[in-house]
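In what follows, a single structure is set out as structure tokens and then discussed.
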Amino acid sequence: MLEFKNVTKEFENVTAVKNVSFTANDGSVLGIVGRNGSGKSTIFRMILNLLKPTSGEITFNGNKIDTNTLNSFGYLPEEGSLLNQFSVIDICEYYGALKLMSKDEVLQSLLPWLDEFGLQSILDMKVKKLSKGNRQKIQFIISVLHNPDFIILDEPFSGLDPVSVEELEKAILKLKADGKTIIFSSHIMEHVENLCDDILLINHGEVLLQGKLSDIISNYKIGNEHVSSLNDIFIKETGNNEE
């Protein structure tokens with residue numbers, strides 16, 4: 001279980017995250033949604049110890065996050081992080097080694113995921129020859145290769161066609177069923193509705209709404225009318241009509 005307790009992050013005269021509290025429970029998916037610049041990336045970077053909070057506390061299973069804790073985390077960044085000159089197997093072995101996995105352990109974990117996505121034929125292919133969608137799938141596989149307990153997925157559906165989106169949603173739900181704690185962000189509210197148990201809606205670093213997704217949708221009204229989707233709530237709360 002990941003827990004944020006009254007976390008604030010300031011940069012000089014800018015407050016990027018203001019007094020944020022939430023819990024991400026084992027075997028659940030938490031969606032963090034908000035505009036670009038709302039504070040999502042700052043939250044992720046504080047979880048990963050890349051940034052220190054100005055105040056407040058972040059814990060995983062009741063303990064402060066340290067190097068040992070981070071070894072049990074998986075992270076899919078929004079920006080691509082694959083090296084074009086390597087083959088798929090080479091890049092997986094490289095990232096696996098960073099998590100202290102042997103080549104045999106990498107292969108044992110990698111092959112079932114390649115089967116899951118129908119990518120068995122690209123094992124020896126150079127990264128630079130992969131389609132954008134397949135690059136994203138390989139990045140996802142790398143993020144879970146070491147069987148992490150906690151997984152951050154930053155815009156995981158970027159570049160994927162509808163069939164690949166369905167495959168990735170299925171994979172995320174499989175990880176959830178295995179008891180993993182998952183946090184992800186997405187600009188597509190349909191993905192959030194399909195996957196999330198809970199949501200955290202933030203704007204300018206502050207929490208606007210949080211709780212069970214089903215409760216938020218069923219209880220939210222615009223005027224006297226109930227809304228039918230998270231997208232309606234997002235637009236109303238953030239004033240953003242681009243989603």
Side-chain angles (χ1 to χ4, degrees), residues 1-11 16-17 19-32 39-83 86 88-113 116 137-156 171-185 195-198 200:
M1 180 177 75
L2 179 87
E3 190 170 8
F4 261 52
K5 298 178 181 178
N6 306 115
V7 174
T8 293
K9 178 60 182 177
E10 297 175 347
F11 298 97
V17 173
N19 197 34
V20 170
S21 297
F22 67 85
T23 299
N25 294 304
D26 297 345
S28 71
V29 181
L30 169 68
I32 300 182
K40 301 188 300 296
S41 294
T42 300
I43 288 174
F44 290 160
R45 288 167 184 161
M46 286 191 288
I47 294 172
L48 295 167
N49 257 355
L50 299 174
L51 294 173
K52 297 293 185 182
T54 304
S55 62
E57 186 178 38
I58 306 170
T59 59
F60 185 72
N61 292 336
N63 300 310
K64 289 186 177 181
I65 296 171
D66 57 18
T67 302
N68 289 330
T69 311
L70 289 173
N71 283 332
S72 67
F73 284 10
Y75 174 50
L76 171 63
E78 181 178 4
E79 301 84 8
S81 61
L82 301 182
L83 303 174
F86 287 102
V88 170
I89 182 62
D90 287 341
I91 200 71
C92 289
E93 287 178 351
Y94 170 76
Y95 279 105
L98 295 179
K99 296 295 185 179
L100 305 180
M101 299 176 71
S102 69
K103 290 185 177 181
D104 287 343
E105 289 172 333
V106 168
L107 199 60
Q108 185 177 9
S109 178
L110 174 61
L111 292 180
W113 280 114
E116 180 86 17
K137 291 176 188 177
I138 293 302
Q139 288 209 141
F140 171 80
I141 291 171
I142 287 170
S143 72
V144 299
L145 201 60
H146 58 297
N147 192 29
D149 298 318
F150 175 77
I151 303 161
I152 296 174
L153 305 173
D154 194 357
E155 296 291 341
I172 293 171
L173 291 174
K174 180 179 179 181
L175 292 168
K176 171 187 169 181
D178 288 340
K180 308 302 184 184
T181 307
I182 302 167
I183 294 182
F184 89 97
S185 67
L195 293 170
C196 291
D197 303 289
D198 305 282
L200 186 77

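Throughout, residue positions are numbered sequentially from 1 according to the sequence presented. Just so you know, these numbers come straight off a predicted model, no measurement behind them.
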Between side-chain atoms of residues 59-67 and protein atoms elsewhere (two or more places apart, or another chain), which donor-acceptor pairs fall under 3.5 Å?
residue : atom : partner : partner atom : Å
Asn61   : OD1  : Met1    : N            : 2.6
Asp66   : OD1  : Asn68   : N            : 3.2
Asp66   : OD1  : Thr69   : N            : 2.9
Asp66   : OD1  : Thr69   : OG1          : 2.8

Step-by-step side-chain contact (heavy atoms from CB on, under 4.5 Å) determination, Leu145 to Lys99: CA-CA 9 Å; Leu145 201 60; Lys99 296 295 185 179; over 6 Å; no
Exercise: identify the closest heavy-atom pair between Phe4 and Val20: CB-O, 3.9 Å
Spacing of Trp113 atom CH2 and Phe140 atom CZ [to the nearest 0.5 Å]: 4.5 Å
Whether Lys9 side chain and Ile43 backbone form a donor-acceptor pair below 3.5 Å: no
side-chain hydrogen bond (donor to acceptor under 3.5 Å, both in side chains) partners for Asp104, two or more places apart: none
Worked verdict on Asp198 versus Phe22 for side-chain contact (heavy atoms from CB on, under 4.5 Å): CA-CA 10 Å; Asp198 305 282; Phe22 67 85; over 6 Å; no
Test item: Ser28 side-chain N/O and Asp197 main-chain N/O as donor-acceptor pair under 3.5 Å: no
Approximate separation, where rounding is to 0.5 Å, of Glu93 CD and Ser102 OG: 9.5 Å
Close side-chain approach of Glu3 to Ile58, heavy-atom, < 4.5 Å: no
Residue pair Leu195, Leu173: steps toward the side-chain contact (heavy atoms from CB on, under 4.5 Å) verdict: CA-CA 7 Å; Leu195 293 170; Leu173 291 174; 3.7 Å; yes
Atom of Leu83, atom of Ile91 and distance for their closest heavy-atom approach: N-CD1, 3.8 Å
Other residues, nucleotides, ligands: >12 heavy atoms within 6.0 Å of Glu57 CD: yes
Heavy-atom closest pair, residues Ile47 and Leu70: O-CD2, 4.0 Å
Pairwise distance CD1(Ile138) to CG(Leu82) - rounded to 0.5 angstrom: 8.0 Å
Residues Ser109, Asn147; criterion side-chain contact (heavy atoms from CB on, under 4.5 Å); working and verdict: CA-CA 8 Å; Ser109 178; Asn147 192 29; over 6 Å; no
Whether Tyr94 and Phe86 hold their rings parallel, tilted or perpendicular, with breakpoints at 30° and 60°: parallel
Distance-minimising heavy-atom pair for Thr54 and Glu10: OG1-N, 2.8 Å
Straight-line distance of Lys40 NZ to Asp154 CG, nearest 0.5 Å: 7.5 Å
Test side-chain hydrogen bond (donor to acceptor under 3.5 Å, both in side chains) applied to Asn49 - qualifying residues, sequence neighbours left out: Lys52
Distance (rounded to the nearest 0.5 Å) between Leu30 CG and Leu2 CG: 8.5 Å
Polar side-chain atom of His146 near backbone of Phe73 as donor-acceptor pair, under 3.5 Å: yes
Minimal non-hydrogen separation, Gly74 against Pro148, with atom names: N-CB, 3.5 Å
Heavy-atom closest contact (Leu76 atom, Ser143 atom, distance): N-CB, 3.9 Å
Leu111 CG to Ile89 CD1 distance, which is reported to the nearest 0.5 Å: 7.5 Å
Check: Thr8/Asn19 side-chain N/O donor and acceptor closer than 3.5 Å: no
Main-chain N/O of Asn6 paired to Ser21 side chain as donor or acceptor, under 3.5 Å: yes
